[in-house]
Amino acid sequence: MSGGEGQPGPAQPDVAGNWARAGGGRHARHARNGRNGGRKNGGGRGEQFMVPRAEFRSYYGRPVIKEPVWQEPDVPGYLFFGGLAGASSVLAAAAQLTGRPRLARAAKAAGLGGISVSTVFLINDLGRPARFHHMLRVFKLSSPMSVGSWILSAYGPAAGAAALSDFTGILPVAGSAATFAAALVGPAVTTYTAVLLCDTAVPAWHEAHREMPYVFAGSAASAAGGFGLLAAPLGESEPARRLAVVGAAVELTAKKLLEWRLGPRGDPYQTGRAATLLRAGEVLTAFGLAGAGLSRRSRVGSALSGLALLGASALTRFGIFEGGLASARDPQYTIVPQRERKRARQQAERAARQATAPS
């Protein structure tokens, strides 16, 4: 592939993000030899090059990898509603165990509604409903898409049975069993989509594989807590309030760790449309957290806090999605990590040779 490891391009970025010529190439050789625009000073103080240092470009000005064919709003919607559903099922089980039936009912409704809308978005992006069925023909642990399809297939019926039993009153024992089954699968529903993104070659997603599941889990928890604040009465909303606070704290912490670890490689999340979406999400998260803490006696305040947390979670998903697309368009986010990994391997090999060399 053009611009891959070991393939010198016309110009490549170094680790610090500065532009430097690659080691090979006709123009680089001429520059080193003092030809093609180079001249020596009369005082012998070295060469002065007339050809300016080249800016980084991929071959023929094209990206190194293809941009994902996934579309908005299908995929970000799929990510958001799936996360809301999975975390809501956990909240529903907690509410049922602590004797809060109206919060449990609201959370079960969010679980069923969220997974239904998420599946619609997924099938719409796939193009044909049969493609979802085809993914269930095999179970492949090495494929996040295959594992995710089976997770959805296990979670959806459980969430549906839990909500149906609660709203109709039929088969309450089976409904309780379905509630706890959905709660067991729910965390996987909230996080497998992060693994799905990070398993791709898209630089901003792949490089964030350590923190992304925590970002998704925290964002889903804050959304589920926000929905509980919006739909449940004040007397039963305390578990939703706590879930929202914990989820928002996990999400914001994971985001900061992601930015700190990636450094310049995380720029796609801090520039352009992705940065606007993520910053707006952080503002709404702060507003939702403040409202959740101050509105324990205000139904309107709790509802507004819940809406803010739901909006923040959705913006986070859209911002992460946009950041990935932006990184796929810009070759530097593919080339720089490749060269860093190559340099690290070479340093490790040199260290190993030195350690085994006879003294």
Side-chain angles (χ1 to χ4, degrees), residues 3-5 9 11-20 55-58 63-68 70 72 75-76 79-80 83 144 190-222 247-286 312-345 347:
E5 297 184 18
Q12 307 292 359
D14 59 16
V15 176
N18 299 318
W19 307 124
E55 293 185 357
F56 175 76
R57 292 287 186 272
S58 65
V64 176
I65 64 173
K66 290 184 178 180
E67 186 176 335
W70 297 335
E72 283 190 9
V75 172
L79 302 177
F80 166 68
T190 65
T191 55
Y192 93 87
T193 48
V195 179
L196 179 65
L197 291 183
C198 295
D199 194 52
T200 65
V202 176
W205 296 339
H206 184 74
E207 294 295 320
H209 66 277
R210 295 182 189 176
E211 298 85 5
M212 196 68 77
Y214 297 98
V215 174
F216 273 43
S219 177
S222 65
V250 170
E251 177 191 349
L252 293 176
T253 301
K255 280 183 183 177
K256 295 304 178 185
L257 289 174
L258 185 154
E259 294 174 2
W260 174 79
R261 186 177 65 85
L262 294 189
R265 293 174 295 172
D267 285 350
Y269 296 125
Q270 301 178 47
T271 56
R273 182 168 177 259
T276 301
L277 292 169
L278 290 172
R279 287 169 188 161
E282 291 177 358
V283 170
L284 285 180
T285 298
S313 181
L315 288 170
T316 295
R317 297 304 204 281
F318 276 82
I320 289 172
F321 183 75
E322 177 61 30
L325 298 185
S327 71
R329 299 184 196 112
D330 193 333
Q332 68 167 308
Y333 298 113
T334 302
I335 297 296
V336 171
Q338 286 181 342
R339 296 201 166 214
E340 288 178 347
R341 290 191 292 267
K342 182 178 180 180
R343 185 178 291 108
R345 285 197 303 269
Q347 291 174 347

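Treat the numbers as computed from the prediction; the structure is a model and nothing was measured.
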Next item on the list: Report yes or no: does Tyr269 contribute a side-chain atom to a donor-acceptor pair with the main-chain N or O of Ala204 at less than 3.5 Å?
Entry: yes

Check: What is the minimum heavy-atom distance between Thr190 and Gly83, and which atoms define it?
Finding: CG2-O, 3.5 Å

Next item on the list: Could you tell me the separation between the CG atom of Leu196 and the CG atom of Leu79, rounded to the nearest 0.5 Å?
Entry: 8.0 Å

Check: So which heavy atom on Leu315 is nearest to which on Leu284, and how close?
Finding: CD1-CD1, 3.7 Å

Check: Do other residues, nucleotides or ligands put more than 12 heavy atoms under 6.0 Å from Arg210 CZ?
Finding: no

Item checked: Separation of Phe216 CZ from Thr193 OG1 (nearest 0.5 Å) -> 5.0 Å

Item checked: Shortest non-hydrogen contact between Pro268 and Ala274, atoms and distance -> O-CB, 3.3 Å

Item checked: Asp330/Asp267 under side-chain contact (heavy atoms from CB on, under 4.5 Å): CA gap, chis, key distance, verdict -> CA-CA 11 Å; Asp330 193 333; Asp267 285 350; over 6 Å; no

Next item on the list: Kindly say whether Ser219 contributes a backbone atom to a donor-acceptor pair with the side chain of Ser222 at under 3.5 angstrom?
Entry: yes

Next item on the list: Of all the heavy-atom pairs spanning Leu262 and Ala208, show the shortest one and how long it is.
Entry: CD1-CB, 4.2 Å

Next item on the list: Could you tell me which residues satisfy side-chain hydrogen bond (donor to acceptor under 3.5 Å, both in side chains) with Thr316, sequence neighbours excluded, listed by chain and number?
Entry: Glu251, Lys255

Margin query: If I compare all heavy atoms of Glu72 with all of Phe321, which pair ends up nearest, and what's the gap?
Written below: CG-CE2, 3.5 Å

Next item on the list: Could you tell me whether a side-chain N or O of Trp70 sits under 3.5 Å from a main-chain N or O of Pro76, the two making a donor and an acceptor?
Entry: no

Item checked: Arg273 CZ to Leu278 CG distance, which is reported to the nearest 0.5 Å -> 10.5 Å

Margin query: What's the separation between atom CH2 in Trp205 and atom CG in Asp199, rounded to the nearest 0.5 Å?
Written below: 12.0 Å

Check: Is the closest basic N to carboxylate O distance between Arg341 and Glu207 below 4.0 Å?
Finding: yes

Checklist line | Spacing of Gln270 atom CD and Thr276 atom OG1 [to the nearest 0.5 Å] | finding: 12.5 Å

Item checked: Taking every non-hydrogen atom, the tightest pair across Thr191 and Ala217 -> CG2-CB, 3.8 Å

Check: What residues, two or more places apart in sequence or in another chain, satisfy side-chain hydrogen bond (donor to acceptor under 3.5 Å, both in side chains) together with Glu211?
Finding: Arg261

Check: When rounded to the nearest 0.5 angstrom, what distance separates NE2 in His206 from CG in Leu197?
Finding: 12.5 Å

Next item on the list: Decide yes or no for Thr200 and Pro68: does some side-chain heavy atom of the first lie under 4.5 Å from some side-chain heavy atom of the second?
Entry: no

